[in-house]
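What follows is a set of notes on a single structure, which appears directly below.
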Amino acid sequence: MPEGKTGALPVPAHIAIIMDGNGRWAKRRGLPRNAGHKQGAKVFQNICDYCRKIGVKYVTAYAFSTENWKRPQNEVNAIMELLRSYLKEASKQTRKDARLLFLGDRTPLADDLQRLMENVERESANNTGITICIALNYGGRAEIVSSARELARMAAQGKLDPDSIDESLFESYLYTGGIPDPDLLIRPSGELRLSNFLLWQLAYTEFVFQDVLWPDFTTAHLDQAIDQYTKRNRRFGGI
Ligand code: FPP
């Protein structure tokens with residue numbers, strides 16, 4: 001799809017976001033880190049609403065990584081509590097024709113959270129306005145390993161010829177199976193790294209790094225990121 005050759009790119013169909021800077025935002029205000037996450041969760045809702053309005057079809061956000069368990073227990077609990085409230089109020093999103101999906105290993109999460117996640121996914125499965133993917137206990141390397149493990153298991157059971165494994169089969173066993181790769185990745189907060197997010201899926205994604213902390217992120221920042229994206233020339237390895 002070398003749209004860039006013929007002029008401005010259209011609005012990205014899929015935007016991935018690393019919601020970073022919550023802790024620093026709170027610290028600068030003399031507040032506990034959890035206040036930053038709370039504000040970050042509000043911003044997330046607002047940005048999802050805006051994305052739906054401007055025609056973005058998928059938003060994937062990094063809410064909790066496989067490494068985030070290393071944080072103090074009280075911070076982990078606070079993030080889980082925010083997710084619980086978000087899920088309990090998920091009808092606010094699903095009423096707006098949003099489909100919700102969760103990416104990551106759910107097994108270590110509290111039982112009630114897992115049930116809420118399954119319910120919301122089931123109830124919103126037929127919504128077509130926008131798909132919101134929340135990466136929760138997500139790690140890009142773990143995701144790739146889990147796809148490899150599943151394919152290896154099938155091969156060992158004689159159900160799969162190893163020579164039939166190609167990129168598209170491998171991809172279908174990732175948490176994101178069936179979801180198109182992100183067109184644009186946004187990382188606010190000034191950090192310039194991927195932090196184990198969507199390692200497979202970001203192979204040809206355009207990156208925009210912004211010097212704003214996530215709780216301060218507004219629709220104007222999103223517009224700026226999209227503006228940068230539309231001026232890029234995507235070649236997907238071609239010329
Ligand atoms: C990174 O900022 C942010 C997180 C690890 C948590 C993100 C979680 C939310 C925004 C709330 C829950 C989400 C939903 C969908 C309801 P940081 O804490 O690493 O910030 P710092 O680098 O400034 O310390």
Side-chain angles (χ1 to χ4, degrees), residues 15-52 56 58-94 96 98-106 108-110 112-114 116-121 124 130-140 142 175-176 185-198 209-219 221-222:
I15 300 182
I17 306 175
I18 301 180
M19 304 187 286
D20 194 17
N22 297 347
R24 276 164 284 170
W25 181 89
K27 194 171 174 204
R28 282 181 199 174
R29 284 166 175 72
L31 297 169
R33 290 177 58 82
N34 298 343
H37 296 313
K38 191 168 175 201
Q39 181 59 24
K42 279 192 199 153
V43 168
F44 173 67
Q45 297 253 26
N46 188 34
I47 291 299
C48 287
D49 287 351
Y50 185 68
C51 282
R52 162 137 173 59
V56 172
Y58 299 85
V59 171
T60 299
Y62 210 0
F64 194 84
S65 77
T66 44
E67 289 73 35
N68 287 152
W69 297 105
K70 292 185 224 153
R71 295 187 176 211
Q73 192 61 43
N74 122 321
E75 183 169 344
V76 171
N77 291 347
I79 295 175
M80 294 299 159
E81 208 40 60
L82 283 169
L83 285 157
R84 191 170 277 110
S85 329
Y86 176 83
L87 283 163
K88 286 185 178 160
E89 293 187 4
S91 56
K92 278 190 191 162
Q93 294 291 339
T94 53
K96 294 175 210 155
R99 172 169 67 138
L100 287 183
L101 290 176
F102 295 89
L103 316 176
D105 175 12
R106 302 164 189 213
L109 303 176
D112 72 304
L113 259 184
Q114 293 190 44
L116 282 165
M117 287 158 74
E118 277 160 29
N119 287 344
V120 169
E121 283 182 332
S124 68
I130 188 168
T131 297
I132 297 170
C133 304
I134 299 181
L136 191 53
N137 192 29
Y138 173 89
Y175 299 131
T176 51
L185 168 84
I186 300 174
R187 182 166 194 159
S189 97
E191 306 293 353
L192 307 177
R193 54 177 172 264
L194 282 184
S195 303
N196 203 14
F197 192 43
L198 302 176
F209 296 98
Q210 287 169 301
D211 223 348
V212 52
L213 302 175
W214 176 250
D216 286 328
F217 195 91
T218 64
T219 54
H221 294 106
L222 189 81

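Whatever order the structure lists ligands and atoms in, that order sets their numbers, starting from 1. For the numbers below, each heavy atom of this structure counts, side chains included, while hydrogens, waters and symmetry mates do not.
Close N/O approach between Trp214 and ligand 1 is not found [any backbone or side-chain N/O within under 3.5 Å]. Polar contact check, Tyr62 against ligand 1: no nitrogen or oxygen pair lies under 3.5 Å apart. When only interatomic distances are considered, the shortest N/O to N/O separation between Ile134 and ligand 1 does not fall below 3.5 Å.
Looking only at heavy atoms of the protein, atom 9 (C) of ligand 1 is closest to Asn22 ND2, 4.0 Å. In terms of protein heavy atoms, atom 14 (C) of ligand 1 is closest to Leu83 CD2, 3.8 Å. Given atom 11 (C) of ligand 1, the protein heavy atom at minimum distance is His37 O, 3.7 Å.
Close approach to Tyr86 involves these atoms of ligand 1, each under 4.0 Å from a residue heavy atom: 16 (C). Ligand 1 places these atoms under 4.0 Å from at least one heavy atom of Asn68: 5 (C). Against a heavy-atom cut-off of under 4.0 Å, Phe44 is close to the following atoms of ligand 1: 15 (C). Listed by number with element, the atoms of ligand 1 under 4.0 Å from a non-hydrogen atom of Ala63 are 6 (C), 7 (C), 8 (C).
When the heavy atoms of Lys38, Arg24, Glu191, Arg71 are ranked by distance to atom 18 (O) of ligand 1, first place goes to Arg71. Between atom 3 (C) of ligand 1 and the options Glu81, Gln45, Met19, Arg28, the minimum heavy-atom separation is to Met19.
Between the side chain of Asn119 and the backbone N or O of Leu116, no donor-acceptor pair lies under 3.5 Å. A donor-acceptor pair is defined here as one N or O able to donate and one able to accept, closer than 3.5 Å; no such pair exists between the side chain of Arg29 and the backbone of Ala35. No side-chain donor-acceptor contact under 3.5 Å links Gln210 to the backbone of Ile186. In this structure a side-chain-to-backbone donor-acceptor pair under 3.5 Å is missing from Trp25 to Gly36. Listed for the Glu191 side chain is no donor-acceptor partner under 3.5 Å among the backbone atoms of Asp20.
For the pair Phe197 and Tyr138, the minimum side-chain heavy-atom distance is below 4.5 Å.
Shown here for Ser195 and Arg187, the closest heavy-atom pair between the two residues is OG-NH1, 2.8 Å.
No part of Leu213 comes within 4.0 Å of ligand 1, judged by heavy-atom distances. If you look at Lys27 next to ligand 1, there are no close heavy atoms at all, none under 4.0 Å.
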Inset, instruction - Begin from the C-alpha positions of Phe217 and Met19 and carry the test side chain to side chain contact (heavy atoms under 4.5 Å, CB included) through to its verdict. - result: CA-CA 9 Å; Phe217 195 91; Met19 304 187 286; over 6 Å; no

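Checking Leu101, Ile134, Leu87 one by one against Val120, the side chain to side chain contact (heavy atoms under 4.5 Å, CB included) holds for a single residue, Leu87.
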